[in-house]
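Take a look at the structure below.
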Amino acid sequence: MSNIKENLEEIKKTIPENVTLVAVSKTKPNEDILEAYEAGQRVFGENKVQEMVEKHEALPKDISWHLIGHLQKNKVKYMASFVDLIHGVDSLKTLVEIDKQAKRYRRNISCLLQIKIAKEDTKFGFAFEDVKEILKSETFRNLENITIKGLMGMATFTENEETIREEFSTLKKNFDELKVSYPEMETISMGMSGDYQVAIEEGSSMVRVGSAIFGKRNYN
Ligand SMILES: *Cc1c(COP(=O)(O)O)cnc(C)c1O
């Protein structure tokens, strides 16, 4: 017996209405996704383009698919026809490619820029100063088929709640600063199974929760 429906209901009780829950279904089979779908969940996040494409083809078409992981430029074309939000954009070159592929499908693709808030070396992302430069650049301003909807960040993997809180709070400050000049920015994607409560307290508007809904992942 799986507890997906119960887990979802428990988590939803703890999330304010204005916070979007992205159910992170990476490595999980379609049956698990359908179970969450039948419980009313419509937004799902995957971190591998190929896996997301296969699930998109097999599953109900009113699912909103978010690509949450690190994105390689050469993979953009496979999902450009359907992806709803790309969370982890961390280079201008990738934005240029997303714009180009979106144009092929006469779409406008929503993106979040990933900011590196963690101290660890393994996390991808821009420095905030670079984001400001890019948004002002000629190259960026010529992109007509993408919309930067906000920022995304991942906190350090640690038990130390203060560290996590500080990192989320930094991201929120960056977001508030940008929003003054870019009012179309509405989304701040931060918080995972282990830290989404802290993220919401620090101003998150979108949490990406996987294992707390679907159980532990098996990578074999
Ligand atoms: C896997 C993943 C998540 C979800 O992680 P859980 O700890 O299982 O909730 C969230 N965000 C990103 C970018 C991920 O890769």
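Counting convention: from 1, in listed order, for ligands and their atoms alike. Just so it is clear, the structure is predicted and the values come from calculations on it, not from any experiment.
The shortest N or O to N or O distance between R217 and ligand 1 is under 3.5 Å. Remark: ligand 1 and V24 share no N or O pair separated by less than 3.5 Å (distance only, no angle test).
Distance from atom 12 (C) of ligand 1 to its nearest protein heavy atom, with residue and atom name: I68 CD1, 3.5 Å. At the top of the distance list for atom 5 (O) of ligand 1, counting protein heavy atoms only, stands M192 CE, 3.5 Å.
E186 and S205 form no side-chain donor-acceptor contact under 3.5 Å, judged by distance and modelled atom types alone. For S189 and R208, the side-chain atoms include at least one donor-acceptor pair closer than 3.5 Å.
Under a hydrophobic clustering in which Ile, Leu, Val, Met, Phe, Trp and Tyr are joined whenever their side-chain heavy atoms come within less than 4.5 Å, directly or via other members, M79 and L143 fall into the same cluster.
Annotation for ligand 1: atoms under 4.0 Å from non-hydrogen atoms of R208 are 4 (C), 9 (O), 10 (C), 11 (N), 12 (C), 13 (C). Atoms of ligand 1 found under 4.0 Å from any heavy atom of V209 (numbered from 1 in listed order, with element): 9 (O). Atoms of ligand 1 found under 4.0 Å from any heavy atom of G210 (numbered from 1 in listed order, with element): 4 (C), 6 (P), 8 (O), 9 (O).
The closest heavy-atom contact to atom 9 (O) of ligand 1, among the options S193, G45, G194, comes from S193.
One N or O on the side chain of R42 and one on the backbone of Y37 form a donor-acceptor pair closer than 3.5 Å. Using a distance-only test at 3.5 Å, with no hydrogens or angles considered, no donor-acceptor pair links the side chain of D195 to the main chain of I164. Judged purely by atom type and a 3.5 angstrom limit, T156 has no side-chain atom pairing as donor or acceptor with the backbone of T158.
Contacts between K26 and ligand 1 below 4.0 angstrom, taking non-hydrogen atoms only, involve the side chain exclusively.
With respect to Q50, the side-chain hydrogen bond (donor to acceptor under 3.5 Å, both in side chains) criterion is satisfied by exactly one of E46, E54, K48: E54.
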